[in-house]
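Convention: sequence-line order gives letters A, B, ...; per-chain numbering from 1.
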Amino acid sequence: MSTERRKPYPFDRIESKWQQFWDQNATFHALNPGEPGFDASRPKYYVLDMFPYPSGAGLHVGHPEGYTATDILSRFKRMCGFNVLHPMGWDAFGLPAEQYAIKTGQHPAVTTARNVDMFRGQLKRIGFAYDWQREINTTDPKYFRWTQSIFLKLYNSWFNPATNRAESIASYTGEDPDSVRLAYVAEVPVNWCNALGTVLANEEVIDGKSEVGGHPVERRPMRQWMLRITAYADRLINELDGLDWPESIKLLQRNWIGRSEGAEVTFGIQGSNHNVRVFTTRPDTLFGATYLVLAPEHALVDEITTPENKAAVAAYQENCRSKSDLERTELAKDKTGVPTGAFAINPVNGQQIPVWIADYVLTGYGTGAIMAVPAHDTRDFEFATKFQLPVLQVVQPPTEETWQGFTGEGTAVNSGFLDGLSTSDAKRKMAEWLETNGHGKKTIQYKLRDWLFSRQRYWGEPFPIIWENGKHRALTDSELPLTPPEMDDFRPTGTPEPPLSKAKDWLRYSETATRETNTMPQWAGSCWYYLRYCDPLNNERFIGSDVERYWMGADSPTPKPGGVDLYVGGTEHAVLHLLYARFWHKVLFDLGQVSTPEPFQRLVNQGIILGEDGQKMSKSRGNVVNPDDVIAACGADAFRCYEMFMGPLEQMKPWSTAGVEGVSRFLARVWRLAMDENQAGEWTRSAALADIAPDKAQTKVIHATIKKVGEDIETLSFNTAIAQMMVFVNTFTGASPRPLCAIRTLLQLLNPFAPHITEELWEQLGFEGIIADQTWPTYDPAALIEDELELVVQINGKLRDKLTVNRNATTAEIEAAALASPRAVEWTAGKTIRKVIVVPGKLVNIVV
RNA sequence: GCCGAAGUGGCGGAAUGGCAGACGCGCUAGACUCAAAAUCUGGUAUCCGUAAGGGUGUGUGGGUUCGAGUCCCACCUUCGGCACCA
């Protein structure tokens with residue numbers, strides 16, 4: 001006797017069978033325009049997953065959540081007659097692979113290839129309908145050749161403020177083209193992480209620590225490659241409006257870009273011809289400026305500091321320099337600073353105000369200098385209180401509030417020509433005054449910094465750049481791909497010098513020229529991968545233009561801005577990948593390389609799946625669920641359906657083993673609708689199946705299910721779609737004889753969710769072809785209408801009785817029937833009926 | 001501190017302003033069985049009541065409405081993001 005629990009249906013046998021079938025027949029291969037057999041009359045649907053980083057740990061249950069959602073949609077759209085593009089690939093450059101390689105001594109290419117094989121195998125065992133002929137890998141020279149090529153497009157372009165778009169550098173008529181390129185070299189204060197041996201982008205630093213590994217990060221000036229994303233700040237904000245993205249993600253991007261309107265004001269320095277420019281969002285408070293603060297790193301500090309203050313200023317500067325970012329932010333509760341001894345002249349009233357330095361003014365934002373208006377700015381108020389600087393009211397709050405530290409809007413006071421004006425009017429008037437008198441102008445500032453694009457790593461795309469006589473220049477496209485050198489020792493050098501600098505042969509380009517030794521960050525490959533899927537084998541271009549226009553939807557008749565039709569992934573990329581990719585896409589759009597301004601039309605974030613204990617899954621908690629185990633126990637179809645049945649896609653939700661078993665039972669019930677088990681334990685076609693028409697009630701369930709499942713798939717409400725199919729199955733479980741056509745319809749509706757079992761039953765029941773190639777069923781609205789309706793009778797809004805009326809009953813008839821219903825009579829006895837509300841088809845409410 | 005999202009049975013969750021708790025899990029009773037598993041059928045918010053029935057219920061307090069889980073105002077809690085951005 002076997003101790004192993006008997007399988008509720010033979011999923012293990014049928015799942016591998018159909019996975020092989022789809023593979024061998026390339027069932028889900030999508031043809032490109034121009035290829036034989038391509039049907040141009042069909043609309044296109046491009047549904048994209050965020051491709052995984054193939055880590056050594058393998059797939060976890062979080063990956064397939066989004067992947068199953070897109071798989072259901074792509075199979076559904078295919079059945080609805082669309083040409084569907086649904087690809088998968090590998091984002092395989094990156095730190096973990098390199099660190100693992102350093103630890104084990106294996107080349108990252110070797111471990112990466114192994115991990116990719118593991119991931120691919122796992123994804124295939126879940127039965128995803130990917131077009132595997134379009135698989136890409138960012139570490140493949142045939143791929144990163146084009147990543148390098150696109151980098152060169154950025155290098156060879158500049159942002160023309162007159163046209164508000166990128167143009168070829170050839171159209172730039174200024175002195176120094178290198179100062180305007182979209183990819184440029186600059187000596188900037190960067191986030192240096194000593195433990196990782198590399199610099200990091202602002203987006204990769206969380207609370208002063210590296211996002212990868214949580215190591216301390218310090219600021220230091222270094223010469224680095226930068227991408228001029230700030231040129232696109234406005235467009236990156238404005239063009240969010242047309243996108244079908246979660247509002248929360250749009251907001252995260254807007255806040256990250258951090259646009260603020262204000263004015264620049266120029267202050268003279270007493271007894272010197274230096275000027276200090278400050279940025280303020282409140283030019284209306286200029287009369288209230290009682291001191292000026294420069295960032296400790298401000299270039300003018302040394303020039304204006306008076307001799308008697310030099311020592312204190314230098315000490316303060318040194319102190320700030322040695323502070324880590326963490327110390328500067330975490331311990332920032334207390335304001336610090338020192339006076340320079342210099343005085344600035346307020347242009348609006350000629351008043352002399354002291355100039356201080358303090359680290360609450362940041363060097364990277366605005367002009368690195370502020371005018372302090374302690375009466376109406378919290379930070380200035382704290383600083384002024386601590387150092388006993390004067391506080392002068394210039395805004396009258398609209399209510400009884402105290403004006404001290406009031407930062408809202410009100411009425412200007414003590415402000416000369418602004419007195420009596422509202423804050424917004426005063427802002428406008430002051431900006432005009434500044435401009436007319438040459439003391440400043442309206443400006444816009446952004447929190448967004450240019451993108452630090454170089455890393456001191458081995459496992460990344462080398463820059464297609466060479467250096468000669470201290471100048472950089474681009475490789476030609478024909479010299480690509482530039483592959484990394486074969487190296488035995490690719491560890492960081494322990495200095496800011498990248499590991500590639502150790503590859504002396506590779507480094508040497510010619511007698512007088514050497515190669516750039518930095519590599520690109522992991523984000524480079526993912527900035528454009530969705531384009532390569534459209535045309536993965538193209539050797540001439542990164543994407544063919546006809547193919548691009550078709551799959552990205554430039555020619556589609558819908559009024560949408562185009563792009564990928566549905567993109568599903570986690571929120572962790574809100575200000576990283578999703579911002580970077582939009583930026584690259586816009587550059588390519590400006591340069592005429594792609595035809596749509598935005599890459600991703602509709603974005604959906606799947607929620608995190610927690611462990612069974614309601615905690616975040618982690619190895620240390622021991623609550624990690626491995627998809628392979630679930631599939632071995634219950635099958636891929638149950639795994640897919642359970643992930644979709646858990647709850648709304650976008651919501652965070654805990655895993656439940658009992659829940660998987662419940663869904664597995666549902667699939668077993670579907671199986672038994674079609675199959676009987678004989679004495680020998682073999683499954684044969686169910687004897688209850690018959691070529692009969694469903695009865696009226698059954699017909700209604702069939703059509704209601706067709707309607708609901710179709711609508712729910714479009715809105716990604718998979719949990720309720722499955723619930724409705726459960727209702728369907730519950731309806732037919734007890735039915736004998738059982739109408740064959742009903743089972744046929746159920747299989748079609750269930751196919752996108754549970755592709756293996758439905759394909760197998762389709763074959764077992766002898767239906768034509770394979771189910772994946774069938775057309776999605778349509779429903780008959782007439783079948784949903786019943787002759788008799790059940791109406792609710794309410795007294796004062798409370799349910800008191802129910803009533804069955806003919807669907808053609810008039811309002812008057814319904815009202816009369818309701819008033820005559822036994823319980824209504826009871827409840828209204830001896831009372832005056834004030835009002836009767838009849839909602840046709842729904843209820844009657846009697847107000848007494 | 002600022003911004004955002006969410007609070008519904010024992011649990012996951014469902015509900016165009018119109019019967020709160022669909023569907024599933026769990027629990028429970030019954031059928032089948034020598035017995036168990038599996039399967040099938042029924043029950044399952046809570047309080048009062050033998051029952052019929054009634055009261056109370058969607059984080060808290062107000063409001064709009066014939067009618068509020070749903071809309072408005074205030075607050076509480078949890079989660080996520082930003083964090084001296086002038």
Side-chain angles (χ1 to χ4, degrees), chain A residues 5-8 206-207 246-252 254-256 258-260 262 278-282 285 293 295 328-330 332-335 358-362 364-373 376-380 382-383 407 445-449 571-572 574-575 607-608 614 641-642 645-648 650-663 665-666 668-669 672 677 717 719-730 733-734 790-802 823 826 834-839 841-848:
Chain A
R5 223 187 75 208
R6 211 172 46 77
K7 294 191 164 55
I206 316 279
D207 293 336
E247 277 309 315
S248 57
I249 297 290
K250 291 189 187 182
L251 199 68
L252 282 177
R254 284 196 194 98
N255 291 344
W256 186 263
R259 181 192 149 102
S260 48
V278 306
F279 173 72
T280 177
T281 55
R282 294 295 299 269
T285 62
V293 188
R328 248 177 111 148
T329 51
E330 294 272 301
K333 315 232 156 28
D334 218 20
K335 294 274 180 295
D359 67 356
Y360 83 91
V361 174
L362 309 172
Y365 183 75
T367 60
I370 61 155
M371 64 179 213
V373 183
H376 306 294
D377 181 280
T378 316
R379 298 146 303 180
D380 297 345
E382 283 168 17
F383 192 82
T407 57
Q445 284 294 333
Y446 302 92
K447 284 202 278 185
L448 184 69
R449 302 271 74 93
T571 42
E572 66 271 21
V575 291
I608 296 169
C641 288
Y642 174 65
F645 187 63
M646 289 171 82
E650 304 189 48
Q651 194 170 299
M652 181 189 291
K653 42 207 177 288
W655 185 266
S656 156
T657 303
V660 190
E661 285 161 9
V663 171
R665 273 202 283 274
F666 159 67
R669 282 154 70 97
R672 290 195 306 269
E677 195 174 20
S717 309
N719 53 334
T720 49
I722 292 171
Q724 180 63 34
M725 287 188 278
M726 287 173 168
V727 171
F728 188 116
V729 170
N730 292 345
T733 294
E790 190 178 63
L791 285 189
V792 166
V793 179
Q794 291 182 339
I795 314 290
N796 290 340
K798 281 198 189 300
L799 170 70
R800 295 302 177 192
D801 207 349
K802 289 184 182 180
R823 311 213 21 94
E826 257 175 65
R834 276 197 273 242
K835 202 167 173 182
V836 179
I837 289 136
V838 179
V839 184
K842 289 260 199 271
L843 55 69
V844 181
N845 190 16
I846 300 164
V847 186
V848 293

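The separation of B:G59 from B:U8, taken at their P atoms, amounts to 6 Å, rounded to a whole angstrom. Spacing of P atoms, B:U50 relative to B:A15, comes out at 38 Å, to the nearest Å. Nucleotides B:G26 and B:A38 place their P atoms 10 Å apart, quoted to the nearest Å. Across the C1' atoms, B:G57 and B:U46 are found 7 Å apart, a figure rounded to whole Å. Comparing B:U28 with B:A37, their P atoms are spaced 11 Å from each other, to the whole Å. Taking atom C1' in both B:G49 and B:A14, the straight-line distance is 31 Å, to the nearest Å. Rounded to whole Å, the separation between the P atoms of B:G13 and B:A20 comes to 23 Å. With P as the reference atom, B:G18 and B:A68 are 11 Å apart, rounded to whole Å.
Here A:T378 pairs with A:E382, A:T407 under the side chain to side chain contact (heavy atoms under 4.5 Å, CB included) rule; sequence neighbours left out. Shown here are the side chain to side chain donor-acceptor pair (under 3.5 Å) partners of A:S260, two or more places apart in sequence or in another chain: A:Y365. Residues satisfying the side chain to side chain donor-acceptor pair (under 3.5 Å) test with A:N845, not counting sequence neighbours, are none. Annotation: side chain to side chain donor-acceptor pair (under 3.5 Å) contacts of A:Q445 (sequence neighbours excluded): none. In terms of the ring pair (Phe, Tyr, Trp, His ring centres under 6.0 Å) criterion, A:W256 has no residue partners (sequence neighbours excluded). In terms of the ring pair (Phe, Tyr, Trp, His ring centres under 6.0 Å) criterion, residue partners of A:F728 (sequence neighbours excluded) are, by chain and number, A:F732. Applying the side chain to side chain contact (heavy atoms under 4.5 Å, CB included) test to A:N719 and every residue at least two apart in sequence or in another chain returns A:P648, A:S717. Residues passing the side chain to side chain donor-acceptor pair (under 3.5 Å) test with A:T367: none are found, sequence neighbours excluded. By the ring pair (Phe, Tyr, Trp, His ring centres under 6.0 Å) test, A:Y446 pairs with no residue at all, sequence neighbours left out.
Annotated as syn: B:G9, whose glycosidic dihedral is within 90° of 0.
Side-chain N/O atoms of A:Y360 include none lying less than 4.0 angstrom from OP1 or OP2 on B:A86.
Here the side chain of A:N796 pairs a donor or acceptor atom with the backbone of A:V848 at under 3.5 angstrom. The closest donor-acceptor contact from the side chain of A:R800 to the backbone of A:Q794 lies at 3.5 Å or more, if one exists at all. A donor-acceptor pair under 3.5 Å is absent between the side-chain atoms of A:Y642 and the main chain of A:T657, judged by distance alone.
Between A:K250 atom NZ and B:C82 atom P the separation is 20 Å, expressed in whole Å. Taking atom CZ of residue A:R672 and atom P of nucleotide B:C40, one finds them 5 Å apart after rounding to whole Å. Rounding to whole angstrom units, CH2 of residue A:W256 and P of B:C82 are separated by 6 Å. Atom CD1 of A:I608 and atom C1' of B:A6 are 14 Å apart (whole Å). Rounded to an integer number of Å, the gap from A:R254 CZ to B:A83 C1' is 20 Å. Rounded to a whole Å, the CG atom of A:N255 is 9 Å from the C1' atom of B:C2. Distance, A:F666 CZ to B:C25 C1': 15 Å, rounded to whole Å. Rounded to an integer number of Å, the gap from CG of A:N796 to P of B:A68 is 11 Å.
Residue-level contact check: A:R800 touches the backbone only, with heavy atoms under 4.0 Å from sugar-phosphate atoms and none from bases. Residue contacts shown for A:R834 are absent, as no nucleic acid heavy atom lies under 4.0 Å away. In this structure, A:G366 reaches neither bases nor backbone, as no heavy-atom distance under 4.0 Å exists between it and the strands shown. Contacts of A:S656 with the nucleic acid, taken as non-hydrogen atoms under 4.0 Å apart, are absent. At the heavy-atom level, A:T378 lies nowhere under 4.0 Å from the strands shown. Residue contacts shown for A:K447 include a base, since a base heavy atom lies under 4.0 Å away.
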Dot-bracket, RNA chain B: Watson-Crick or G-U, under 3.5 angstrom, [ ] crossing, | other strand?
-> (((((((..(((.....[....)))((((((.......))))))((((....))))..(((((..]....))))))))))))....

Between N or O atoms, less than 3.5 Å apart, protein on one side and nucleotides 26-28 of chain B on the other: list the pairs.
unit_1	atom_1	unit_2	atom_2	d
B:G26	OP2	A:R665	NH2	3.2

Scan nucleotides 11-23 of chain B nucleotide by nucleotide, 5' to 3', and note B when protein non-hydrogen atoms come under 4.0 Å of the base, S if they reach only the sugar-phosphate, - if neither.
-> -BSS-B-BB--BB

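When the nucleotides B:C40, B:G4, B:A86 are ranked by their closest atom to the side chain of A:T733, B:C40 comes out on top. Among B:C40, B:G53, B:A86, the nucleotide with an atom closest to any side-chain atom of A:R823 is B:G53.
Between A:M725 atom CE and A:C641 atom SG the span is 7.0 Å, to the nearest 0.5 Å.
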Would you sort out whether A:T733 and A:R672 count as a side-chain contact (heavy atoms from CB on, under 4.5 Å), showing the intermediate values?
-> CA-CA 8 Å; A:T733 294; A:R672 290 195 306 269; over 6 Å; no

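Both A:F279 and A:L251 sit near RNA chain B, but only A:L251 has its closest nucleotide nearer the 5' end.
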